[in-house]
Structure formats: structure tokens, C-alpha cells
Protein chains: 2
Amino acid sequence: MTQVKPMRADARRNYERLLKVAAEAFAEHGERASLDDIAKRAGVGSGTLYRHFPTRQALLEAAYVDRIEALAVRAGELAAELPPGEALVEWLNELCVGTIQVRGMKALLGSAVTDGSVAAVTACATSMKGAATRLVEAAQEAGALRRDVEPIDVLRLAHGVATASELANGQGESIRRYVALLTEGLRA
Amino acid sequence: MTQVKPMRADARRNYERLLKVAAEAFAEHGERASLDDIAKRAGVGSGTLYRHFPTRQALLEAAYVDRIEALAVRAGELAAELPPGEALVEWLNELCVGTIQVRGMKALLGSAVTDGSVAAVTACATSMKGAATRLVEAAQEAGALRRDVEPIDVLRLAHGVATASELANGQGESIRRYVALLTEGLRA
DNA sequence: CGATAAGCGGGGACTGTCTCCGTTTAGTGC
DNA sequence: GCACTAAACGGAGACAGTCCCCGCTTATCG
């Protein structure tokens, strides 16, 4: 997983600058921020950007891995603090909020749970699925969640709920209301 | 609503050809089909396309109004055939299926229920909201639907569910399962 | 049949993606 | 220090898409 050969100093510098600039750009302009523009703002040529990150997906993922990891960690914390059913509900809430608040993350999380996409097996997809699986299984064991749903279903539905709240443009606390509706439907 | 002055014959011909070609193109390539390409395939210049349909939205809407109207009509039929609660559930099913099966329609329906968009007041948005309002109110009166949801919420959630099923790429009858989960959560 | 305004259409400016390849430079052994 | 080499750079340019502008064409009407 880690670098076999250490990167050259200039390469590493550019890589890091790109990541920083990309996170800003995606936050500012959403997932469709101009890549050449990101390269320009990072003070590198577009060739350099595309060498480090062959696809928009790759850059998006690299820019947000830490946030994804944080969500996965959060799943563990909630599992330790709350009863299984509540832990799942609370995590879904935080997941949806994150999906919407951090512009650009929605596209990333969406592709992470898309079936049939080649890019399906990525680091963040694995993290998310792992976290969801633990919470879902615990909730099912505790009898707080119907047994006919898979972790991936829960992730997809969360993505759907985030999409729905997005349509409401944050009107009337829609995220919490919609998540509540979802968890109502998921209850055993 | 109707044309104040009748269109010139050539204008009407082009308008109609564009509509036909656009429906095909959107069905084939999704909502992002190239507009210049549609113009070319219809045998007109791009200027002509943009004059008739100033935005992609406008073309999308014009190409699919009939399908939207059909859905609205279907709402009426279901309301007459089934008890209020079931009518709503069945309609949501058909709505979601349509949203996914007809490529390009998702974008249109999505923007129809987006809050804060300038394009919000369009013919298809009005139809959808009307149909949803009737079904939702009837279901609430019959005690089959929670009273704390608005018709627009239902439409948005349906859109979310369609998005979720789309992520599953039609695997395992996901549409019906997800709609069932949604309606479970919506029950009074 | 002409006049005329409605309508046409494609050239071109612009923005974005992504590749290719000549040039630069970090790292290494001496 | 110095020279060598492979790694890395960067930006020009091919390509695709959007959208506007404006000189030309043509349907329609008196």
C-alpha cells in the first residue's frame, strides 16, 4: 500500500500542494471544479496533476480520504458510546450531514457505493463499507434493525437521503427529518 | 400558455424534429447528451436549437412533458382504484421506476423539486406537485400517512430513493425494496 | 409578386479535459 | 563539488462541448 520507492522531493511537494488546493477548490466549486484550474492554482502544469491523479475520482478521493477515515473512526466511537440501534441512527445522521456540507464529497461517496463501477474498490469504499457493516450487524443482533437489509443498502439509502435533503437546500432542518424517516423505515 | 401567434411552418417543423431527436438522444446518452449533436442530428444549426430551447433544462422538459403528464394522470387513476394509502405507495413505485428507466428524466424531476432554483416554476414541476399533493392529502386524511410530511418532501424522498436504486444498478430488485422501506418510514 | 420580419445556421470565442514530448532537476556515485 | 541519469515537470495543442452573433434565406401576407 505504501510507496515502494520514496518520492522525489519535488514530486512530493507538488503532490501535497495539489491535494491542498484540490480540497479548497472542490469545497468552493463542488465536484466539478476545473482540474486545469487546480493545477494552475497549485503552480504546476496540468501534466503534473494528471500524472499524480489520473482521474478526477482519484484526486477527489485523495483530497478527502482523511474525512472518510474520520467518519469510519466516528462509527467506532458511536458503537462504544451508544446502544447499537442508536449508534447506527446517529452515524447515518453524521454521514448525511457530512455528505452535504462538504461539497464534492457526495460524488465520492456515491461512486464508492455504486455497483458495477470499475472504481468500486477504492480505499474509501472499503472504509465506509467496513464501518457500515459493523454498525449494521450490531444493530441487527440487538433487534433494532430489520434483517433484510445489507450494509451496502444502508449506505445507498443514506446517499439517497442526502440527495433528497440537498434538493431542499437545507430548508427546514430537512436532513434530520429525512434521516428520521429513513431510520423509521429501517427499524426491525 | 399556448402560442399567441402561430409559429411559422418551418419553425414548427424544426421544433418538432428537435424534440423527437432530443428524446432519443437523452434516452441513449443520458441527460448530458451533446446539444450541438442533437442539433446536427435534427439537421438544424445549433443557433436554431438554442433559440427554441434556451437551456438544456428547457429542452429536457419539452422532450419529456408527455411522460410527466402521464405520471400525473396515473396518480388520478390510482386514486380512483385503490385506497388512499396504497394509491400513494403504488404511485411512488411507478414514479421511481420511471425516474430510473427513462434516462434523462431523473435530472428533470430533480430540478423540478429543487428549492431555490430559478427554474423551479415549470410546467412539469407544477404537474408533479399537484399529483403528489392530491395523493398525500388523501392518504393523510385516511390515516395512512404521517401528518408531518409535505407533498414536496415525498417527491424529494422519492427522488432520493431513485438515486439509491440507481447506485445498485438494478441489482436485486432494489427499487421495490427501497420504495418499500421509504413507505414504511412514511406510514402514520 | 414583392416586401419584410421571422427564422436559419454555422463560424467562432470560450471553457474544460487530457496527452505528448522536449526540458529541467533531484539524487547518486565518485 | 561534479557529472550523469532517470524521474518529474509543464505547457502547447488536439479535441469536445456550450453558446452567441449576425449575415443570409424564406414563409407569409397584402
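Remember, it's a predicted structure, so these values are computed and weren't measured experimentally. Convention: sequence-line order gives letters A, B, ...; per-chain numbering from 1.
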| How far does CD1 of A:I152 sit from CE of A:M128, to the nearest 0.5 angstrom? |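 The CD1 atom of A:I152 sits 11.5 Å away from the CE atom of A:M128.
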| said: Can a donor-acceptor pair be found, under 3.5 Å and without considering hydrogens, that links the side chain of A:E31 to the backbone of A:F26? | reply: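 Not confirmed, A:E31 side chain does not pair with A:F26 backbone.
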| field | Exam field: side chain A:H159 to backbone A:L109, donor-acceptor pair closer than 3.5 Å | value |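 The answer is no, because no donor-acceptor pair under 3.5 Å joins these two groups.
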| Does B:C124 reach the side chain of B:L108, with side-chain heavy atoms less than 4.5 Å apart? |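 The answer is yes, as the side chains (C-beta and beyond) meet within the 4.5 Å cut-off.
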| message | Any heavy-atom pair between the side chains of A:L82 and A:V89 that's under 4.5 Å? | response |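 A side-chain contact is absent here, since even the closest heavy-atom pair is not under 4.5 Å.
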| Is there a side-chain polar atom (N or O) of B:S34 under 4.0 Å from OP1 or OP2 of D:dA16? |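 So the side chain of B:S34 is outside the cut-off, no N or O lying under 4.0 Å from OP1 or OP2 of D:dA16.
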| said: Would A:D148 and B:R177 count as a salt bridge (Lys or Arg N to Asp or Glu O under 4.0 Å) here? Give the steps. | reply: CA-CA 9 Å; A:D148 60 355; B:R177 284 176 56 229; over 6 Å; no
| request: Identify, residue by residue, the members of residues 13-30 of chain A with a heavy atom below 4.0 Å from DNA chain D, and return them in order of residue number, or none. | output: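 Heavy-atom cutoff 4.0 Å gives A:N14.
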Testing the basics here: between [X] and [Y], what is the closest heavy-atom pair and its distance to 0.1 Å?
X	Y	answer
B:C96	B:A158	SG-O, 3.5 Å
A:A139	A:L88	CB-CD2, 4.2 Å
B:V136	B:P151	CG2-CA, 4.0 Å

| query | Of all of residues 47-56 of chain B, which get a heavy atom below 4.0 angstrom from DNA chain C, listed by number? | reply |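 Here the set is B:G47, B:T48, B:R51, B:H52.
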How many whole angstroms separate atom [atom1] of [X] from atom [atom2] of [N]?
X	N	atom1	atom2	answer
B:R32	D:dC19	CZ	P	12 Å
B:K40	D:dC19	NZ	P	16 Å
B:D36	C:dC8	CG	C1'	15 Å
A:Q57	C:dT17	CD	P	14 Å
A:D37	D:dG11	CG	P	14 Å
B:L35	C:dC14	CG	C1'	16 Å

| message | Please determine whether a side-chain nitrogen of the Lys or Arg among A:R176 and A:E90 lies less than 4.0 Å from a carboxylate oxygen of the Asp or Glu. | response |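 Yes, charged N to carboxylate O under 4.0 Å.
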| said: For a salt bridge (Lys or Arg N to Asp or Glu O under 4.0 Å) check, start with the C-alpha distance between B:R187 and B:E184, then their side-chain angles and the critical distance, and finish with the verdict. | reply: CA-CA 5 Å; B:R187 222 208 290 283; B:E184 192 66 31; 2.9 Å; yes
So which protein nitrogen or oxygen atoms get under 3.5 Å of nucleotides 27-30 of chain C's nitrogens or oxygens?
| from | atom 1 | to | atom 2 | distance (Å) |
| --- | --- | --- | --- | --- |
| C:dG27 | OP1 | A:A9 | N | 2.9 |

